[in-house]
Amino acid sequence: VRLQPLPASLSPAISPIPGAFQDSGKAAGLGESHVGDCGRPEPSARIVGGSDAQPGRWPWQVSLHQNGGHICGGSLIAPSWVLSAAHCFVTNGTLEPATEWSVLLGVHSQDGPLDGAHVRAVAAVLVPDNYSSVELGADLALLRLASPARLGPAVRPVCLPRASHRFAPGAACWATGWGDIQEADRLPLPWVLQEVELRLLGEATCRCLYSRPGPFNLTFQLLPGMLCAGYPEGRRDTCQGDSGGPLVCEEGGRWFQAGITSFGFGCGRRNRPGVFTAVAPYEAWIREQVIGSEPGPAFPTQSWEPQAGPWEPRDENCTVALPECGIAPRPGAWPWEARVMVPGSRPCHGALVSESWVLAPASCFLDWRVLLPSRPRAELVARLVPHENASWDDASDLALLQLLAPVNLSTAPRPVCLPHPEHYFLPRSRCRLALWGRGEPAPGPNAQLEAELLSGWWCHCLYGRQGASVPPPGDPPLALCPAYQEEEEEAGRCWNYSHRSLLCQEEGTWFLAGISDLSSGCLRPRVFYPLQTHGPWISHVTRGAYLEDQLTWDWGPEGEETETQTCPPPTEHGACGLRPEPAVMGVLWPWLVEVHVAGDRVCTGILVAPGWVLAATHCVLRPGSTTVPYIEVYLGRAGVSPLPQGHQVSRLVIGIRLPRHLGLRPPLALLELSSRVEPSPSALPICLHPGGIPLGASCWVLGWKDPQDRVPVAAAVSILMPRLCHCLYQGVLPPGTLCVLYLEGQEDRCEVTSAPPLLCQTEGGSWVLVGMAVRGSRELFAAIGPEEAWISQIVGEAHFLPPSGYPHWPPEGSDLCPPDMARASGSPQAALFLLLLTPLLQA
Ligand code: ARG
């Protein structure tokens, strides 16, 4: 059962049993007389981690069918009574009609002819009044059969414990059922009843295990009337479809039903044992319901003083199980590293995911041997299971190889951990890119590249469909983007051919998080396909790969923002203006370019497309000069402090393009770079503003406070309405000039010699370039909008946003200015004050 709360208002839809009191004159006399008949199977190992039961070993096990299909288990406790779980019968707070159900008795395999089995209709379903939802307890139900079961070797009742009965913590008990054999993995044909040995866990131990928050900080309270059974390390458990079935313990040659399968968190997960409804506390309720029916259930007295099993861990400081996967003995050692040896070809890199299974790209294989660390020779491969979509879908380029003989897991080899589908790798997670498939080791000392996960929003919006909503934490992501230090590729050569796997660390444990997408071409970082979507397939095939719960979920104060985010509206040429969060190696502004002119001056420039930078003409060209100076540009820099290799990109400028302007020198220049700068978290083009004033956007002048150290600063400004701007600087402004008002004090202002740009952040979250500073001014900017035609003609990939009805430029020679405005032009604050007063004066 998923922890799905049901409405708490369950009205007791339990009808009185017709004829219950007429059967016989005596209402009491239950129990003792039938004691001899219960809990003794005729003398003659899914369930998760279990095995096929012997026919007749669990003769009280029944299967509850609805619409011809198995839904839940149950146990025969008297010829006309079956015990099961309330949640099997209650949907959205209402009890389903008894007539929909039938009970199969004496069944072993549910496929084919049911020899010796028989079916009974259900006359009534009884659920305790206080049952509302599984996690609140009282999850039990009694079914009264329309006619008594035919008892025989394959059909016998189990014994029930009295309220005073004590089951010893640590006792070895058995759970049975036809439920899933792993999460979301059905019991395969021929549907043979499964059994699994589970240890009773003391209340304190179970509480302690469950008190550790699971993924997404979920915790759960063990309540009185519940009982846990299983193992801290998980791997053996009941699962979906086992509910209602019995957990039985043998005492003095009789089997007593200690629990009813109720729920759990996933199935077989570490530190998440199965939760059962304890039967003993419900003695009185059960007796009350079956009153008058003869023979009733048997409640034999406990013959035996329970003693804590030797196995029970100390309750006070419970020992939680630690992951058995993903631990690297020392930094950089990959004990799950598996090399698939293909004769006549480079080895193919994969990862050990369990005792017997290796995961590797399907594209690797022709002929196979597997090398594992600390093993004398290559392992032989018994079976290769390619993913069904392996040949046409890069995201499924996976195969599982089963080793001929399982290896002993130790320090090495050791399997890597795999994520469950709902795993949410937090932005900023420490990750590594490891060899995968026929990858070549990265140049340099480390074969593994260090990486840091970028926000899901950035990754999704950069690569995914724009305008789409970003999968929230808990939904499988479509892509994972790690930022990593990559050697700058030689011009024109992308890092195309080496496959990589992405491993991310949580609390010292490594998860295989993704595999690289070869088709993302030159984009950096390359997008990784999340492996978590393949978890069900991997566990289905391997029956025992180490799927681990998320170990880190504390995503900090801003983290929750990731929920329900959408990508900014699309531009024709892909993503622009997306600022990666967290800042990649300190690069806050991936489009900010240092333009080094002839070795002496440094101007700000803005990357507008992979091969083009926009800058202020006056900054890159000496007044009066027309010869192109020697210009170098640097991207991905956060001040002069050196950035790690691979985040800095430099290019030569091979041409300067100016629009044809009559008379005056045009304010904006396009610099053509010697080669493209492929988009990456530290070098990404900005969007371009189509014109008008971006109303409601927050705008900033971005530049350096000091041209020497060039640490980027952003000063918040508001762009003045065209009328105010026009009036303020009447007669002196070239058309298409924007003026701004600084919102904060003077401290954040950029120096002016480098001609800083004016940017705004749109509502969608992307950043747009609105203007470049006019020579020598902090307040005046040459607008980008009026140059759209020219820019788009030269730079095909320029990301102009669609026009959106912004107010346009004031008509030339507009004469509506208040008389004092021009004089106030030295002080925009004074001017603004005047303008704000103007409407009042006119009213
Ligand atoms: N409630 C589930 C059912 O309806 C049984 C879940 C048991 N889960 C567990 N992890 N023990 O079949």
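Numbers here are sequence positions counted from 1. Ligands are counted one by one from 1 in listed order, and the atoms in each one are counted from 1 as well.
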Chemist: Do ligand 1 and Asp242 have nitrogen or oxygen atoms that lie under 3.5 Å from each other?
Modeler: yes
Chemist: With heavy atoms of Gly274 as the reference, note each atom of ligand 1 found under 4.0 Å away.
Modeler: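 Result: 11 (N).
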Chemist: Between Arg207 and Glu203, does at least one N-O distance fall below 4.0 Å, as a salt bridge requires?
Modeler: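 So Arg207 pairs with Glu203 through a salt bridge.
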Chemist: Please confirm whether Arg120 makes a cation-pi placement over Trp101, using NZ or CZ under 6.0 Å from the six-membered ring centre and within 45° of the ring normal.
Modeler: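 No - Arg120 does not lie over the ring of Trp101 by the 6.0 Å and 45° rule.
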Chemist: At a 4.0 Å threshold, what atoms of ligand 1 neighbour a non-hydrogen atom of Ser262?
Modeler: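 In order of numbering, the contacting atoms are 1 (N), 2 (C), 5 (C).
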Chemist: Is Gly179 in contact with ligand 1, taking contact as a heavy-atom separation below 4.0 Å?
Modeler: no
Chemist: For atom 11 (N) of ligand 1, which candidate among Thr238, Val275, Ile260 holds the nearest heavy atom?
Modeler: Thr238
Chemist: Under 6.0 Å from the six-membered ring centre of Tyr231 and within 45° of its axis: does the NZ or CZ of Arg199 meet both?
Modeler: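 No - Arg199 does not lie over the ring of Tyr231 by the 6.0 Å and 45° rule.
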Chemist: Counting from 1, what ligand 1 atoms have a heavy atom of Cys267 closer than 4.0 Å?
Modeler: 10 (N)
Chemist: Does Gly244 have a heavy atom less than 4.0 Å from any atom of ligand 1?
Modeler: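 Checking ligand 1 against Gly244, which is what was asked, there is no heavy-atom contact under 4.0 Å.
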Chemist: How would you list, by chain and number, every residue that makes a salt bridge (Lys or Arg N to Asp or Glu O under 4.0 Å) with Arg212, sequence neighbours excluded?
Modeler: none
Chemist: Give yes if a backbone or side-chain nitrogen or oxygen of Gly241 is under 3.5 Å from a nitrogen or oxygen of ligand 1, and no if not.
Modeler: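 Right, the criterion is met.
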Chemist: Check whether any N or O atom of Gly266, backbone or side chain, sits under 3.5 Å from an N or O atom of ligand 1, and answer yes or no.
Modeler: yes
Chemist: May I ask whether His87 has any heavy atom positioned less than 4.0 angstrom from an atom of ligand 1?
Modeler: yes
Chemist: Test of understanding: given a 4.0 Å heavy-atom threshold, classify the contact between Cys239 and ligand 1 as side chain, backbone, both, or neither.
Modeler: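 The part of Cys239 near ligand 1 is the backbone, not the side chain.
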Chemist: Any luck finding a side-chain donor-acceptor pair between His540 and Glu183 under 3.5 Å?
Modeler: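 Absent: no donor and acceptor within the cut-off.
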Chemist: So, are Glu548 and Arg269 salt-bridged, with charged N and O less than 4.0 Å apart?
Modeler: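 Looking at Glu548 and Arg269, the cut-off is not met.
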Chemist: In terms of side-chain geometry, is the basic nitrogen of Arg57 or Glu195 positioned less than 4.0 Å from the acidic oxygen of its partner?
Modeler: yes
Chemist: Please could you name the atoms of ligand 1 that Asp237 approaches to less than 4.0 Å, counting only its heavy atoms?
Modeler: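 Taking each heavy atom of Asp237 in turn, ligand 1 has 9 (C), 10 (N), 11 (N) under 4.0 Å.
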Chemist: Test ring-ring contact (aromatic ring centres under 6.0 Å, His included) on Phe89 and His87 and set out the steps.
Modeler: CA-CA 5 Å; Phe89 308 95; His87 78 258; 8.8 Å; no
